[in-house]
A.B. asks: 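One structure coming up, written as structure tokens, with questions to follow.
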Amino acid sequence: MSDEAVLFGRARSLVGILSDGAPRRDARVLPAVIFLNAGAVHRVGPHRLYVKAARMLAALGFTTLRFDFSGTGDSGPRTMSVYYEQEGVIETREAMDFLSRIRGCSQFVLIGLCSGAITAFQAACADRRVVGIVPINGRGEVAEEHAAYAAQRQQSRYYWRAAFFDPRSWWKALTGKADYRTVLRALMFPITSRSKAPPIVTSRPDEVAVALQSLMAHRVHVLAIYSSGDLGLDYFEAALGQQARHPRASGATDAVTIRVMTGTDHTFTPLAAQRRLLHVLREWATATWLADSRATTTTTPGRDRRPSSVRTAPLVDSRDAPRQGSGLPQ
Amino acid sequence: MAIRVQERWWAHVPLSTSRIEPSFFGRQQLFGVYHPPSTRVTRSCAVLLCSPFGREYIESHRTVCRLALSLSHRGFPTLRFDLSGCGDSAGEFEDATIDAWLEDVTTGIDALRAFAGARRTAVVGLRLGAALVAMAGSRRDDIEAMTLWHPVVNGRDYLRDLHAQHRAENRTPLLQWLKTPLRGSPEIRGFPLTRPLASDLSRIDLLALTQRPSARVLIVDATTAPARTELTTRFEHLGAQVVRLITAEKPPWVQPSDGWHDFVDQPTTRHSANAILDWLMEWERS
């Protein structure tokens, strides 16, 4: 394992885990990959997804960094007087600056789930060093009315596509254990919702479409992943219209890939869904940056195992003068 | 023994990380965060925090962070760490076993003493972490104080609760469900549950310990916990001085209903955390 604890940022208060990419025989320079917090979940990600993804990409040769924004996980409290979203973009750029200083990285891929997806998108729009983003179930502000509609739609789909064919559901219904009102409402939904769904009222939808066009024009590779039925997919379609389903037909480049995954929820709880997600990510990373590469990663001995009384001190961004009395044992 | 809880400690602890040292340590490459004392006076005893696993680990992470910061703010050198295959530590969750995790607790204690230069050690365990520290403590006699926060007392009951939570949140495919009575669900709320781990967990029984886990034990748990009185009696029978705090607070691994801010600030666990701080302060003075 090549993981290393790091402290960086203007106050050296951002805590992260740096994984160096496995050495490659070819001279290919790969972008570094940065994982952005999914909501309030710290840098390991929901169900430890970020850890698995980061180590998988590191084994392919990508340097990866997963860190906590201020006010999340182990990082220090928020100190900037800006909106949370803006601070996320600023700190993402600090992460890129940090990797540039210590590893000489000049290009980056940002991966984020939920709010992390939005930050990845916004940071890519703000910084040309970003050459790829993987927004997973990301969305902007959605009207409550539409959120309620989407929840009912999801429930209806469950009853018509799964529960209807499941003997356990019939047993519950026949033995009086079902919530009949909920079941009936869900079964009637396709009829009662014949009128158009409540408007999603996205936050600045035109700007989202324009921003995505700009990313595509600058050859930023986009892998947008959505769980089937996720609100993020509604938002994506509302923002982009026809382009959401047929990006290439609308003039988008081959740099945009959209994957809708079934049988999972917002955070990919089922293990099978997690495996599929990692597979999709691996496929995309390989096809985008490792295609036509005959070289494979070299097998190198693992990191020296250290005796239990010795620890690996954290890598601290040395941009500022060293603090007095940091007291790190040698 | 009554515990005098000082509410102000938890509420006003600064969340500054100017004094934390994240690192990997041990043969197992465990990830931990060492919190040196952030006061001029360093207490003579250090504290190890042992987290739960799986979804409970993720949802209580912030609480454990804040407790560590609170302890360091009061002069206790503190180390919190992730078990093997959990969090940022090395290893895959699929390879986890109770024996490996018990070894992690021992490694954590050794590391804490090396970092802090302190021999006097207290341990705080949350949920499965509490069961692990109790089991580890019963195999040694050098842990002077131990807090068991919402401890897992009986592994079979714990597994049953985990399976029930998983079923309530996830619809298991029919074929997998048919296999469940024979081998149990192979996954729990987004994490794999291998047969060896399920078997290990089912054998946990703190009431069967034959040595006291520590000379002084604080048990913090909910009013609905059924086996805690038996646990108190058992540990007292083994010669430990036991204090029990019953709390009506929502447990730290339960998602707060008020959203992101409460998840970050964890206001619902302040009473329990303050009680733990107060008890450790009293122990250290003794």
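Chain naming here is simple, since letters A, B, ... match the order of the sequence lines and numbering starts at 1 in each.
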A.B. asks: Measure distances from Leu271(A) to the heavy atoms of chain B and classify the residue's part below 4.5 Å as side chain, backbone, both or neither.
C.D. replies: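 For Leu271(A), backbone and side chain are both near chain B.
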A.B. asks: For the residue pair Arg62(B) and His42(A), establish whether any side-chain heavy-atom pair is separated by less than 4.5 Å.
C.D. replies: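 Not touching, per the 4.5 Å side-chain cut-off.
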A.B. asks: Are Val51(A) and Glu92(B) packed together at the side-chain level, in the sense that at least one heavy-atom pair is separated by less than 4.5 angstrom?
C.D. replies: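 A side-chain contact is absent here, since even the closest heavy-atom pair is not under 4.5 Å.
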A.B. asks: Just give me the residue among Gly54(B), Cys65(B), Gly85(B), Gly32(B) that pairs up with chain A most often, heavy atom to heavy atom, under 4.5 Å.
C.D. replies: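 Counting heavy-atom pairs under 4.5 Å, the top option is Gly85(B).
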A.B. asks: Taking the side chain as every heavy atom from C-beta outward, state whether Tyr57(B) and Arg48(A) have any pair of such atoms under 4.5 Å apart.
C.D. replies: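 Counting from C-beta outward, Tyr57(B) and Arg48(A) never come under 4.5 Å.
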A.B. asks: Please check if the side chain of Arg189(B) supplies one atom and the backbone of Thr269(A) the other of a donor-acceptor pair under 3.5 Å.
C.D. replies: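 No.
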A.B. asks: Among Cys86(B), Gly117(B), Gly91(B), Pro192(B), which residue has the highest count of heavy-atom pairs closer than 4.5 Å to chain A?
C.D. replies: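 Sorted descending by pairs with chain A, the first entry is Cys86(B).
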A.B. asks: For Phe24(B) and Ala5(A), work out which heavy atoms get closest and say how close.
C.D. replies: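 The answer is CE1-N, 3.7 Å.
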A.B. asks: Quick check on Thr106(B) against chain A: is it the side chain, the backbone, both or neither that has a heavy atom closer than 4.5 Å?
C.D. replies: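 Neither the backbone nor the side chain of Thr106(B) comes within 4.5 Å of chain A.
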A.B. asks: Once rounded to the nearest 0.5 Å, what's the spacing between atom OG1 of Thr72(A) and atom NE2 of His61(B)?
C.D. replies: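 Separation between the atoms: 11.0 Å.
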A.B. asks: Does Arg55(A) CZ have over 12 foreign heavy atoms under 6.0 Å away?
C.D. replies: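 Result for CZ/Arg55(A): enclosed.
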A.B. asks: Considering only heavy atoms from C-beta outward, does the side chain of Leu7(A) approach that of Pro22(B) to under 4.5 Å?
C.D. replies: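 In contact.
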A.B. asks: How about Asp88(B) and Arg43(A): do any of their side-chain heavy atoms sit closer than 4.5 Å?
C.D. replies: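 Yes, side chains in contact.
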